[in-house]
Amino acid sequence: MKLIVAIIRPDKLSDVLEELYRAKVRGLTVSPVQGHGGELEKVETYRGMTVKMELQEKVRLEIGVSEAFVERTVKAILDAAQTGQVGDGKVFVLSVDNVHRIRTGEVDEQAVTPMSEGAAV
Amino acid sequence: MKLIVAIIRPDKLSDVLEELYRAKVRGLTVSPVQGHGGELEKVETYRGMTVKMELQEKVRLEIGVSEAFVERTVKAILDAAQTGQVGDGKVFVLSVDNVHRIRTGEVDEQAVTPMSEGAAV
Amino acid sequence: MKLIVAIIRPDKLSDVLEELYRAKVRGLTVSPVQGHGGELEKVETYRGMTVKMELQEKVRLEIGVSEAFVERTVKAILDAAQTGQVGDGKVFVLSVDNVHRIRTGEVDEQAVTPMSEGAAV
Amino acid sequence: MALPVPMLLAVQEMPVEISGADTAWLLVSTALVLLMTPALGFFYGGLVRSKNILNTLMMSFASLGVVGVAWALLGYSLAFAPGSAWIGGTDYALLSGVGLSGAPAASTVPHVLFMAFQGTFAIITAALISGAVVERMRFGPYLVFIGLWSLVVYAPIAHWVWGGGWLGSLGALDFAGGTVVHVNAGIAAVVAALVVGARQDYGRRALLPHNVTYALLGAGLLWFGWFGFNGGSALGATETAALAFVNTMLAPAATLVMWMILDSLRDRKITAVGAATGIVVGLVAVTPAAGFIGPVAAIVLGAVAALPSYFIILYRSRTRLDDSLDVFAAHGVGGAAGAVLTGVLAAEVWGGAAGPMDGNTGLILTQIIAILGAAAYSAVATLVLLKVLGVFMPLRRTVAEEGVGLDVVLHGEEGYAKGEGAVLVRP
Amino acid sequence: MALPVPMLLAVQEMPVEISGADTAWLLVSTALVLLMTPALGFFYGGLVRSKNILNTLMMSFASLGVVGVAWALLGYSLAFAPGSAWIGGTDYALLSGVGLSGAPAASTVPHVLFMAFQGTFAIITAALISGAVVERMRFGPYLVFIGLWSLVVYAPIAHWVWGGGWLGSLGALDFAGGTVVHVNAGIAAVVAALVVGARQDYGRRALLPHNVTYALLGAGLLWFGWFGFNGGSALGATETAALAFVNTMLAPAATLVMWMILDSLRDRKITAVGAATGIVVGLVAVTPAAGFIGPVAAIVLGAVAALPSYFIILYRSRTRLDDSLDVFAAHGVGGAAGAVLTGVLAAEVWGGAAGPMDGNTGLILTQIIAILGAAAYSAVATLVLLKVLGVFMPLRRTVAEEGVGLDVVLHGEEGYAKGEGAVLVRP
Amino acid sequence: MALPVPMLLAVQEMPVEISGADTAWLLVSTALVLLMTPALGFFYGGLVRSKNILNTLMMSFASLGVVGVAWALLGYSLAFAPGSAWIGGTDYALLSGVGLSGAPAASTVPHVLFMAFQGTFAIITAALISGAVVERMRFGPYLVFIGLWSLVVYAPIAHWVWGGGWLGSLGALDFAGGTVVHVNAGIAAVVAALVVGARQDYGRRALLPHNVTYALLGAGLLWFGWFGFNGGSALGATETAALAFVNTMLAPAATLVMWMILDSLRDRKITAVGAATGIVVGLVAVTPAAGFIGPVAAIVLGAVAALPSYFIILYRSRTRLDDSLDVFAAHGVGGAAGAVLTGVLAAEVWGGAAGPMDGNTGLILTQIIAILGAAAYSAVATLVLLKVLGVFMPLRRTVAEEGVGLDVVLHGEEGYAKGEGAVLVRP
Ligand SMILES: Nc1ncnc2c1ncn2[C@@H]1O[C@H](COP(=O)(O)OP(=O)(O)O)[C@@H](O)[C@H]1O
Ligand SMILES: Nc1ncnc2c1ncn2[C@@H]1O[C@H](COP(=O)(O)OP(=O)(O)O)[C@@H](O)[C@H]1O
Ligand SMILES: Nc1ncnc2c1ncn2[C@@H]1O[C@H](COP(=O)(O)OP(=O)(O)O)[C@@H](O)[C@H]1O
């Protein structure tokens, strides 16, 4: 089991979600983050004060997948999130000891295999 | 040392915190995230535009624990966060090379053992 | 390759960023989180209702580095984020299987080495 | 609203010209009172959770539509057309006979303007009730409820006091609606909270105000609008208007000071939610008294009226009554306190009616009768109305939907959308 | 604005004193209309993404400066100084001859106040257009555009209808600016949206309103301000002012009710964005009619006028026309619907002008001519203006900058700064 | 405030009736000025960090209570009761003798209303100072401070200029409070910033405005309210009111344009914070001049007055003086610039007082004396007051508490609570 953590541009999120959908990767978790890399810093100015914004808005994806899915997941992200401009982001692949699905208590492979019978919020 | 990452429903957070408290798990970090899984998508409508909200509000917990605590921590989360409806979330257990407590520089076991003498914000 | 995850006080973020800069650590990702540890809880009161705020505002750093950088990165964080008061936070060091730079598709070492020719947002 | 009925009749006898000054002030006052309903939406909206902000705002804004139209078509007539001691007739239904010449109740301003001014009162009174049922009531039934309530509950009580009904004849004093508006809405709120039931998380979770700045924005705009509410109730740019206005400035100032003192004694923390609440309570309390008492008496009234509401708010949250935004404590209790204090502090020397100091010692009793009469009718009629409605349409959605939040479930929107993960559905 | 030209002339002949009451009401009205421009900023700002909130607000606020000054220096003269049927002269340029005695068009109020009242109309009309070009237009060109537009497009059309121009002579009725303000701005908005082009994400991404509460705040304050817009257009504290005022309360109430019904029929969800929009459409529609029709007619007008705007908003978002905040559907269509309905519902009995029911059956045609005339001129002149401007200064920034958001790129600020990672640059 | 003292006396001699029109306008004006204090809270609140938003809002809202009550009980008397050249007497203490007949200083409006109108000035002047001490001062001492300051500093200076004191007798012109309100508050702000000391992060961290939209909301509402501030200072619905009103519209428009030009020249970025600031500076600058100069002169004044404030704001943030929200630059400097320009531009032809163009060349000197006199007294008295207070109660909390934010520490609340991790404490 692997946990794939990707930092991408916010305006690439929809594209990445679509690409992952096509790659049949279903579950994932998203959070807004701020990144610092080689990007040009933004400068803001408030009354007499000038401010350099060192951090850029990014989006962080966290996707638990079984080994079989790692490659295509990474590929999907790389493909969809790339613009070629500095600031596109990074993908980290981490090993996971085990995964539990809270609803059913299933573990590992089972826990990340979609089972969309029934549906609720 | 392990790092337990759990994605749960926001309205289960209080229950999980209580359960973890009972399990004597003290330190943890929480962040708001948005998740995509097998849940039904919400539909919103703004003027002529209809929008499918693919992401649901979730809460992410990150808990560093020593090996001895892993099982009971996972159990506490599974117990408290379950509703049986699609969308309950996942728990990931990751291995950690080492942990440092910033305040004292202690490492590993020491770093995650509560030591609540003194108190400040 | 390692992924260093640090939970620090929000008002120490600037100091940590500066210290990391001096340590020549360039890329990193930041997100606002809330933490629960040994800190004193805040009490709030709204009309007849008294509320204990169990969670304190913290900032989470996520830094992918090559082995060579791990020590100095951790040291930089420990140095800059410490106040000696309860609530300073934790640093976790995790192993990473591999890292990809989205812009170029480079992996591992290459992917986290800064290459700031060109610049864009 | 300042003139007792006999004087009104006298005035009606001699035809008077429309006064530009009186009209100007009533125009402004009507605009000010209309603004109070959006302001109320923000006052209430700031105190709920962000997942219900739009629903809460809409409960106020919708009243501008539903009650506004109902008032013009029928409510005004039921309240102000000649009728019995209990209810007005239908002479003014569909605004027939409501034209540009002087209003029967206020001959120096166009009748149609008087109707509109009164309409803004009906609108906000209905909206006030929403504070007791936020975060859980279905929106369709709510709309039907406030529309009917304005006709079945508000209009008759307005008639009793201002339209020539039995409370006015009895000599009850209610300058701008302490009883008609606030006691009435406060009691209806309790009934609504009981019938609709508590929020699923009530008493179990901390239900925090998601944006206290909105509560303060609302309180600030309410204060501003209330100058029209009370000052405009003089129905002209007169000395009485000035008095009512000044009292509407001083009484809430005193309530605010008192509220800050109470907060600080209780917990050494002066809360912003408390300040917003204190301002509203002061405004409520001075409403029945505004044109009848002097400015120093208004300061006293404002300070004293803080006490019951303050402690009832503290107490209420320990009970099972989920009157979520304390409509009863702020409006019911504040309005009753103001009405009783009007009975104590009214003084002929300020040009209004005779009070105890002028020998009219029976006034306090009359005031209490008015409060009880209005409260009793409001309680019973609101109960019947909601129970009947509940037969035809469920008043709540499921618990799960309550958890998701009413904005998404009922309105298909989010108050503060980030846009992440939103996918356009192509038509 | 209520008086047709011949009556105006009659009034001018006999010198009249400044009336305190009329002045008081026009003072208030002018303040109310001025407030509408910030209110519009919030109405619009709530509907854009948070990265463009300041730019959107600034598009309204800047109009207070740019158009305010342009109006005083020249615009007022072009609109209201004696001139031809097509445009006013330069007699009042630099406010020469605009003093404290009665205004030629409204002898009971100081001339300088009449000028200011009219100025607030010019300011908001220009700001209205911004809704069509938010989230992409450069700010410098925008400022130049609205400044010139107020002189080249707004002032002449105002002259045509209110300043003694050909539409006024023709007998077209436009009480407070259905044609001059709303049709005009709505058409200019379409042209601006076409010339500036669509947002890069338009039709591809879901572009969600970042703060619907601001849209409601804006709608609430707009309604409040609109009482000055329509009520003040009576230019005095008169019966006509009262009528215009009451209609401005009842028509939007009816539109709001109708909008909620339509929403609920379509999707079983009554939206808050819809409610805010419905209120504005109702206000727009009653603008040309306010002082000419009765209150029940206003309710009818408000309800009926909801229909075209409602469905055009639904339809527009499926087209390629990125009139981002539906200025055309709300103001162009709403204003035209109101102007036509004015031609149907105007009734002499309410003290204004004769309508079809009084035998003036040609009125509807006159109204349509006025709409078409204003629309045609607005379209052509706005097109020429923007095209010429585009030669001298690009109207947009790069696609990448649009992605970052205009607040940072154009204004060097963020609406809601968290402050994380912000480093002070020492001077 | 428009009448020089001798004229006032003449007026007092012949009894005049209350004028409905004047009363209507002063009622409205008082409501408008009262609204300015919440508006100021939002203007200030938008510019601080979110952890201090409630504290900043409360610093304004609390003034409505504390100063409002203090003014009625004593302040009004010290400012306006007959007394010496330095301070008023106690005739009007506890509002004795302040009734419904004409005010001594404005015989056509009820005395009690005049008192309230003046009270709203005292309230906002005290609240203005808070901008210099936000994000660090303790709340209890702040409340005591503003209460006493309104009596010890504001009331005497108001007396000097408007209550028959030495500056009025000298012929100093201050239509609506350039010196009494703005120079006074600006100087007191510097003293308060120095005594309380800088924020711990000042000059070391970027302290960003957490919500620029609130600053714009505040600026918009302040402009709206300022029409009452300046227009109402004519104390009647007169030509002078119209003039003051129009100038209050045009001068800030010109300042806004000038500010945008300066911003754009400096950095090619027109900031929203700048626009909000520019509007306020323009309003401040026209305050002393409003009823004394013509509209074109107002445009000139507005444009010119932008310059000193603009550059002092730029400069101030490089100094060690943590006048956090630039009260000195906006109000002190803006007010002084306006007062001096009043001395240059006042013209008899506009019905006010004689200026240099009418031969009264000494006026500029008189204006400067008034500025310096008020500034000197304000500086010394504020210093003494704060130093004495500091002996009894510490003015600040600990550095750690400042880091956590004053909302939680002092008020036990958060402005924008998410509710995560909040646990209900059962009583
Ligand atoms: N070493 C790293 N650890 C964690 N996140 C990183 C790291 N390097 C970059 N990032 C994230 O990726 C984003 C883009 O990185 P950057 O190096 O600027 O772009 P590129 O990969 O195109 O050179 C950053 O804003 C940051 O959020
Ligand atoms: N593979 C995954 N990786 C990361 N997060 C996931 C993954 N699968 C689900 N999640 C998170 O868990 C939440 C619930 O998952 P879902 O699959 O819908 O429910 P269930 O586990 O009940 O079938 C999602 O909203 C998402 O945040
Ligand atoms: N075991 C843990 N796992 C994850 N985060 C932790 C853990 N322990 C502490 N934290 C984070 O560190 C912050 C400070 O921890 P705390 O234990 O209070 O301080 P200290 O390390 O100084 O004793 C917490 O608010 C929380 O965000």
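Naming: A, B, ... by sequence-line order, numbering from 1 per chain. Excluded from the calculations below are hydrogen atoms, water molecules and symmetry mates; all remaining heavy atoms, backbone and side chain alike, are included. The shown structure was predicted, so the numbers you read here are calculated from the model rather than taken from an experiment.
In this structure, the side chains of Asp88(C) and Arg101(B) stay at 4.5 Å or more apart for every pair of heavy atoms. When side chains are defined from C-beta on, Lys58(C) does not count as touching Thr29(B), because their heavy atoms never get closer than 4.5 Å. Using a 4.5 Å cut-off on side-chain heavy atoms (C-beta onward), Glu62(B) and Val33(C) make no contact.
Residues forming a side-chain contact (heavy atoms from CB on, under 4.5 Å) with Glu71(B) (at least two apart in sequence, or on another chain): none. Residues that satisfy the side-chain contact (heavy atoms from CB on, under 4.5 Å) test with Pro32(C), not counting sequence neighbours, are Glu420(E). Not counting sequence neighbours, Asp11(B) has no partner by the side-chain hydrogen bond (donor to acceptor under 3.5 Å, both in side chains) test.
Among residues 75-84 of chain C, the residues having any heavy atom closer than 4.5 Å to a heavy atom of chain B are, in sequence order, Ile77(C), Leu78(C), Ala81(C), Gln82(C), Gly84(C).
Contact annotation for Val74(C): only side-chain heavy atoms (C-beta onward) come within less than 4.5 Å of a heavy atom of chain B. Looking at Leu55(C), only its side chain comes within 4.5 Å of chain B, counting heavy atoms on both sides.
For the atom pair Lys90(C) NZ and Ile63(B) CD1, the distance stands at 13.0 Å (nearest 0.5 Å). Distance CD/Gln34(C) to CG/Leu28(B): 11.0 Å, rounded to 0.5 Å. The CZ atom of Phe92(C) lies 11.0 Å from the CG atom of Asn98(B); values are rounded to the nearest 0.5 Å.
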